[in-house]
Amino acid sequence: MVFKKDINKEYRKLISSSLNLAPQKSKSGIVYTLYSDRFNSIEVGFAENDKILKNKVLQSNSILLDKKKGKEQDLNLLIKTLNELDINFSSRLNFRYSNILIRHLSTLGWPVGRSLYKQRKIKKELSLA
């Protein structure tokens, strides 16, 4: 019986030393979605404040679809999830625009706005009339 207690103690030491249970600090800021009509692409990202986001939009000549408060960790989680869904990105977190991408982003709670849905909604209303 003494042998069993020793194994239990050693097992607890191993488990407690291998797990890092301290919460990791993640930067708070703004998560956003940009659309480039020129390249027909969607860019997701994280900015620490509105000033940085405004400069980003001006430099890239893109349209800001939507933004919301979030953390840098949210962006990392989104990228990992989209990779699991076989949606790959090019440099600078640009994705080729598709309805499937927008649907996934919306389902995952990412800010996508409603400006890209307007055409679809209008077509549905005309077909129902």
Side-chain angles (χ1 to χ4, degrees):
M1 288 294 168
V2 176
F3 184 67
K4 190 173 183 180
K5 285 182 182 180
D6 289 338
I7 291 175
N8 244 353
K9 286 179 185 178
E10 292 299 320
Y11 179 72
R12 286 185 191 148
K13 286 180 187 177
L14 178 66
I15 294 295
S16 64
S17 66
S18 65
L19 294 177
N20 184 8
L21 300 176
Q24 294 179 352
K25 300 226 176 181
S26 181
K27 294 179 185 178
S28 291
I30 301 168
V31 291
Y32 61 86
T33 306
L34 300 176
Y35 173 70
S36 173
D37 193 27
R38 182 175 169 195
F39 299 111
N40 194 30
S41 66
I42 298 288
E43 180 181 342
V44 296
F46 171 82
E48 292 179 4
N49 56 41
D50 280 327
K51 186 176 180 182
I52 294 172
L53 179 59
K54 185 177 180 181
N55 288 338
K56 176 76 174 169
V57 172
L58 292 175
Q59 287 176 355
S60 64
N61 291 329
S62 298
I63 300 166
L64 178 65
L65 294 179
D66 203 1
K67 64 180 181 176
K68 72 175 186 178
K69 290 182 181 179
K71 295 185 177 185
E72 193 172 22
Q73 185 179 17
D74 298 337
L75 177 61
N76 294 334
L77 183 60
L78 176 77
I79 292 167
K80 288 177 184 177
T81 306
L82 290 175
N83 280 336
E84 288 291 321
L85 295 170
D86 288 331
I87 299 176
N88 299 317
F89 61 93
S90 62
S91 63
R92 297 181 342 158
L93 301 177
N94 286 327
F95 297 89
R96 185 179 175 137
Y97 172 80
S98 70
N99 288 331
I100 294 170
L101 171 65
I102 297 298
R103 191 177 313 131
H104 285 313
L105 290 175
S106 179
T107 302
L108 294 169
W110 197 258
V112 292
R114 294 286 173 216
S115 59
L116 293 177
Y117 283 123
K118 287 182 181 178
Q119 287 182 332
R120 185 173 169 202
K121 186 177 178 181
I122 291 170
K123 287 180 183 177
K124 280 186 177 181
E125 288 177 4
L126 288 176
S127 66
L128 292 175

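A quick note: this is a predicted structure, and the numbers were derived from the prediction, not measured. We use all heavy atoms of the structure for the numbers below, so side chains are in, but hydrogens, waters and symmetry mates are not.
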Do [X] and [Y] have side-chain heavy atoms sitting under 4.5 Å apart?
X	Y	value
Leu82	Val44	no
Leu78	Val31	no
Tyr35	Leu64	no
Tyr32	Leu65	no
Leu34	Asn94	no

Over all heavy atoms of both residues, which pair between [X] and [Y] is shortest? Give the atoms and the distance, please.
X	Y	value
Ala47	Ile52	CB-CG2, 4.2 Å
Ile30	Lys67	CG2-CB, 3.7 Å
Glu72	Phe46	N-CE1, 3.5 Å
His104	Ile87	CD2-CD1, 3.3 Å

Quick one: does [X]'s side chain have a donor or acceptor within less than 3.5 Å of a partner on [Y]'s backbone?
X	Y	value
Ser106	Ile102	no
Thr33	Pro111	yes
Asp74	Lys71	yes

Legend entry - Distance, nearest 0.5 Å, that separates CG of Leu105 from CD1 of Ile100: 12.0 Å
Legend entry - Ile79 side, atom CD1; Glu84 side, atom CD - distance, nearest 0.5 Å: 13.5 Å
Applying a strict under-4.5 Å side-chain criterion to I, L, V, M, F, W and Y, I'd like to know whether [X] and [Y] cluster together.
X	Y	value
Val112	Phe39	no
Ile63	Leu101	yes
Ile42	Leu108	yes

Inset, instruction - Mark yes when over 12 heavy atoms from residues, nucleotides or ligands other than Lys54 sit less than 6.0 Å from its NZ; otherwise mark no. - result: no
Legend entry - Leu58 atom CG, neighbour heavy-atom count above 12 within 6.0 Å: yes
